[in-house]
Protein chains: 2
Amino acid sequence: MRDERALLERYLRDRGLKMTRARETVLTAFLGLESHVSVEAVIEAARRLDPGVGQATVFRTVKLLVDAGLAREACHDDGTRLFEHAYNHAHHDHLTCIRCGAIVEFIDTDIERAQEAVYRRYGFESSGHRLELYGVCPACAAEDTD
Amino acid sequence: MRDERALLERYLRDRGLKMTRARETVLTAFLGLESHVSVEAVIEAARRLDPGVGQATVFRTVKLLVDAGLAREACHDDGTRLFEHAYNHAHHDHLTCIRCGAIVEFIDTDIERAQEAVYRRYGFESSGHRLELYGVCPACAAEDTD
DNA sequence: GCTCAAATGATAACCCTTATCAATACATCC
DNA sequence: GGATGTATTGATAAGGGTTATCATTTGAGC
Ligand SMILES: [Zn+2]
Ligand SMILES: [Zn+2]
Ligand SMILES: [Zn+2]
Ligand SMILES: [Zn+2]
């Protein structure tokens with residue numbers, strides 16, 4: 001939290017932008033939420049801290065957080081974008097339950113390595129990837145057999 | 001084309017729906033396009049065949065094609081959904097150039113196998129996945145060095 | 001042909017996101 | 001501390017893609 005705030009302040013200062021109360025509110029709200037949140041969830045959380053914050057400001061600030069390296073866009077499959085913490089939160093992929101929405105974060109070195117091989121095979125320079133595995137989690141599968 | 005039409009007719013008949021001129025137009029338009037097309041592209045193609053077709057109908061029909069197994073939703077990263085042919089078009093993943101938008105379709109058995117291992121590791125039942133690799137294609141990379 | 005439910009197309013509504021803009025808040029420099 | 005000038009804010013409107021509404025038309029089966 002200290003670190004994140006310092007990181008944002010530095011990011012802003014470096015490009016002549018200002019650290020404002022609204023931005024502080026949005027940062028605090030975002031950091032207080034669990035990962036994979038919509039902007040709407042951030043808006044609600046921010047307004048619990050300060051009811052007057054405008055939604056346009058939250059959209060703008062979340063974009064700032066992404067640029068500053070504090071947030072990262074995660075899976076967005078239904079038209080709504082989701083964001084997760086990016087600071088001290090290494091790259092990972094997602095395994096999502098199509099029933100209950102549970103999300104498992106995982107990193108698999110075999111997959112990562114094989115992806116690198118695909119880049120080489122086609123002569124592409126890598127600039128990131130998005131991998132979402134969909135399935136039914138153990139809990140939901142157990143309900144099926146009841 | 002014969003097969004696809006028969007497939008759609010059967011799908012419709014099986015659930016009391018009707019094969020209409022508009023649906024035939026949309027099917028023909030979609031099949032005549034190369035893969036990874038937006039609904040808007042299908043609308044344009046359909047209206048070249050029959051200017052009177054409504055856009056709502058195209059949206060509805062594309063959804064039907066997906067349900068019937070003739071189309072599949074592909075990558076949609078900017079808010080616009082893309083669709084590709086699904087009949088006689090096996091599963092594959094995508095390698096996309098972030099400069100020119102070129103798309104390479106690939107299938108990598110190592111990746112597929114490693115994904116199965118992830119499902120087993122977390123006890124999930126697999127129901128499909130989406131893998132998009134992003135990078136810079138050889139042509140665009142060559143431009144950079146000019 | 002007749003009948004009735006399904007389908008159409010024009011339009012409005014919807015959701016998420018971005019642009020506009022006058023009013024305000026911030027950092028810097030006296 | 002106070003003035004200055006730009007960045008930021010929040011309310012609102014606009015935007016793009018998609019879906020809902022609904023009177024009218026079309027299709028399949030009898
Ligand atoms: Zn579940
Ligand atoms: Zn995550
Ligand atoms: Zn390229
Ligand atoms: Zn494809």
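Just so we're on the same page: letters track the sequence lines, and every chain starts at 1.
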d([atom1], [X]; [atom2], [N]) in whole Å:
X	N	atom1	atom2	result
M19(A)	dT8(D)	CE	C1'	13 Å
E73(B)	dT18(D)	CD	C1'	12 Å
E9(B)	dG27(D)	CD	P	13 Å
Y11(B)	dA6(C)	OH	P	14 Å
L17(B)	dG29(D)	CG	C1'	15 Å
R10(A)	dA27(C)	CZ	C1'	19 Å

Residue pair H85(B) / E4(B), side-chain donor-acceptor N/O under 3.5 Å: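 Distance-only check fails for H85(B) and E4(B).
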If you measure only the distance, is there a donor-acceptor pair under 3.5 Å linking the side chains of H36(B) and E105(B)?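 A pair is found: one side chain offers a donor N or O, the other an acceptor, under 3.5 Å apart.
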Specify the residue among R47(A) and R21(B) whose closest nucleotide of DNA chain D lies further upstream toward the 5′ end.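 Looking at DNA chain D, the more 5' nearest nucleotide goes with R47(A).
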Heavy-atom closest contact (V39(B) atom, F83(B) atom, distance):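 Closest approach of V39(B) to F83(B), heavy atoms only: CG2-CE1, 3.6 Å.
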When we call it a touch if two heavy atoms are under 4.0 Å apart, what does R13(A) touch: a base, just sugar-phosphate, or nothing?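 It contacts sugar-phosphate atoms only.
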Quick one: which of dA7(C), dG10(D), dT8(D) gets closest to the side chain of T57(A)?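 The closest nucleotide is dG10(D).
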Can you find a heavy atom in the side chain of [X] that is under 4.5 Å from one in the side chain of [Y]?
X	Y	answer
F124(A)	V104(B)	yes
L7(A)	L70(A)	yes
L8(B)	M19(B)	yes

Hydrophobic side-chain clustering at under 4.5 Å (ILVMFWY, transitive links): who's grouped with V136(A)? Put none if nobody.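 So far as hydrophobic clustering goes, V136(A) is joined with I98(A), Y134(A).
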For the ring pair H129(A) and H94(B), is the centre-to-centre distance below 6.0 Å?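 Ring-ring flag for H129(A)/H94(B): false, centres at least 6.0 Å apart.
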Ring-face cation contact, Y11(B) with R15(B), 6.0 Å cut, 45° max: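 Yes, R15(B) lies over the aromatic ring of Y11(B).
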List every contact pair, protein side and nucleotides 2-5 of chain C side both N or O, where the distance is under 3.5 Å.
from: dA5(C); atom 1: N3; to: K18(B); atom 2: NZ; distance (Å): 3.1

Each nucleotide in nucleotides 17-22 of chain C should get exactly one letter: B, S or -. Can you fill that in based on protein heavy atoms under 4.0 Å? BBBB--
Is any side-chain nitrogen or oxygen of T20(B) closer than 4.0 Å to OP1 or OP2 of dT8(C)?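 For T20(B), the contact criterion (side-chain N or O under 4.0 Å from OP1 or OP2 of dT8(C)) is met.
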